[in-house]
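Convention: sequence-line order gives letters A, B, ...; per-chain numbering from 1.
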Protein chains: 2
Amino acid sequence: MNPELRPRAESASKTRLRLWLRLLKLTGRVESDLRRRMRDEHDTTLPRFDVMAALSRHPEGLKMSELSQSLRVSAGNVTGIVDRLTADGLALRVGVPGDRRAQLARLTPKGRAAFEALAALHEGWIDELLGGLDADEAETMIALLERGTAHMEGSE
Amino acid sequence: MNPELRPRAESASKTRLRLWLRLLKLTGRVESDLRRRMRDEHDTTLPRFDVMAALSRHPEGLKMSELSQSLRVSAGNVTGIVDRLTADGLALRVGVPGDRRAQLARLTPKGRAAFEALAALHEGWIDELLGGLDADEAETMIALLERGTAHMEGSE
DNA sequence: GAAAAGTATTTCAAGATTGAAGCTTCAGGC
DNA sequence: GCCTGAAGCTTCAATCTTGAAATACTTTTC
């Protein structure tokens, strides 16, 4: 444990940079595989899926601003994605009583059905793509990721 | 080890899905922070930085196709990014003797200087953002990420 | 050597993404 | 009531991203 007994080949900062590059490598591969399957097999995209997933957790609907915060993307971006989902009959906007500025985005029954079918497949794809890690390894990694994320939130 | 002795609270597939969501959460936060700093403090973007980093490792230049494979982005995408770097005087294209189809993208001295300055800052930002993990934790995670990535490459 | 097949790059249309600017509406102070 | 500031959303220009089609060149085949 004493650093003098185990001289460092690299600084902590270099190790963290290496960690960052590995994180990018894995998430990039998983994401591009997911994108490809969504597009080729289901004619949709990852951002659309993300929006639908958020709406799916709130059957009563989510304000555009809540959607934007929850997904951590800009408000203008949400407008466009919901526009396209609406054009395809998967989502709709409903007014908020008492606040004529706001809109709730909500899944249509068609949107809900489409999402639920895709979500089941999605879970299977992730299971396959991350299949190199067993449940214990996954739990270890989740714990480390939470430590990492907590640190960022603390300094936000 | 026998599942009957340690009943699972959730399936391996749910655990992996949870892992995936945590991975997205951490990398998303780090990325958006990096993007913001690149834009606000240095008037550039992450994709430009990535291209410059690849070119920086190959002072003699990289073919557009090599750049595309190395960064795992489409060829059309690389064209646009190199176009913009070139317009800013940070990169240039040189012909490949013996193959008039191909082009080498290469950093200009100005581009190299800009990249090196930014790379040093980048390492510091990563060190700060991932500071919630110490060197041992980072190494543990790197090992797990490599297992995960190796599994995907095996099935590619 | 001419035709065919393959390779390197660019162009294009569509979508995703951002931040800034603009519009409408709401909430408080007066 | 009216003004001011804030909030919610959309619009806009710029960049990033993809895959498909177009273009130009090279290599292989016969």
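- Rounded to a whole Å, the CG atom of A/L104 is 12 Å from the P atom of D/dG8.
- At whole-Å resolution of the value, CD in B/E31 and P in C/dT17 are 11 Å apart.
- Between the P atom of C/dT24 and the CE atom of A/M64 lies a distance of 18 Å, rounded to the nearest Å.
- Heavy atoms of A/A75 sit under 4.0 angstrom from at least one base atom.
- Within the structure, a side-chain polar atom (N or O) of B/T45 is placed less than 4.0 Å from OP1 or OP2 of D/dC16.
- Map A/S65 and B/L46 each onto its nearest nucleotide of DNA chain D; the residue landing nearer the 5' end is A/S65.
- Between A/Q103 atom CD and C/dC26 atom C1' there is a gap of 15 Å when expressed in whole angstrom units.
- Taking only side-chain nitrogens and oxygens, B/N77 comes nearer than 4.0 Å to OP1 or OP2 of D/dT18.
- With DNA chain C read from its 5' end, the first of the two nearest nucleotides for A/V73 and B/R93 is the one closest to B/R93.
- The shortest distance between the side-chain N/O atoms of A/K63 and the OP1/OP2 oxygens of D/dG8 is below 4.0 Å.
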Name the pairs: protein N/O against N/O of nucleotides 21-26 of chain D, kept only if under 3.5 Å.
unit_1, atom_1, unit_2, atom_2, d
D/dT26, OP1, B/R100, N, 3.2

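- Distance from the side chain of A/A102 is smallest to D/dG8 among C/dT9, D/dG8, C/dG19.
- Straight-line distance from the CZ atom of A/R48 to the P atom of C/dT17: 12 Å, rounded to whole Å.
- Checked for salt-bridge contact, A/K25 and B/E146 miss the test: no charged N lies under 4.0 Å from a carboxylate O.
- The pair A/R37-A/D33 meets the salt-bridge criterion, since a charged nitrogen lies less than 4.0 angstrom from a carboxylate oxygen.
- Rounding to whole angstrom units, CZ of residue A/F49 and P of C/dG15 are separated by 20 Å.
- If you take CD of A/Q69 and C1' of D/dA7, they are 11 Å apart, rounded to a whole angstrom.
- Across all their heavy atoms, B/K63 and B/A102 have their closest contact at CD-CB, 3.7 Å.
- Residue A/R35 is classed as having no contact, given no heavy-atom separation below 4.0 Å to the nucleic acid.
- Between B/R48 and B/D43 no salt bridge is recorded (no basic side-chain N to carboxylate O distance below 4.0 Å).
- The side chain to side chain donor-acceptor pair (under 3.5 Å) analysis of residues 108-119 of chain B, with sequence neighbours excluded, yields no pairs.
- Counting to the nearest Å, the C1' atom of D/dT18 and the CG atom of A/L34 are 16 Å from each other.
- Of all the heavy atoms in A/R147 and B/L133, the pair that sits closest is CB-CD2, 3.8 Å.
- Between B/E139 atom CD and A/L19 atom CG the span is 9.0 Å, to the nearest 0.5 Å.
- At the heavy-atom level, B/S74 lies under 4.0 Å from base atoms of the strands shown.
- For the atom pair CD of A/E31 and CG of A/L24, the computed distance is 10.0 Å after rounding to the nearest 0.5 Å.
- A salt bridge is absent between B/R16 and A/E128: the closest approach of a Lys/Arg side-chain nitrogen to an acidic carboxylate oxygen does not fall below 4.0 angstrom.
- Of the residues in residues 80-88 of chain B, those with a non-hydrogen atom less than 4.0 angstrom from any atom of DNA chain D are B/I81, B/R84.
- Residues A/R106 and A/P59 share a closest heavy-atom pair of CG-O, 3.6 Å.
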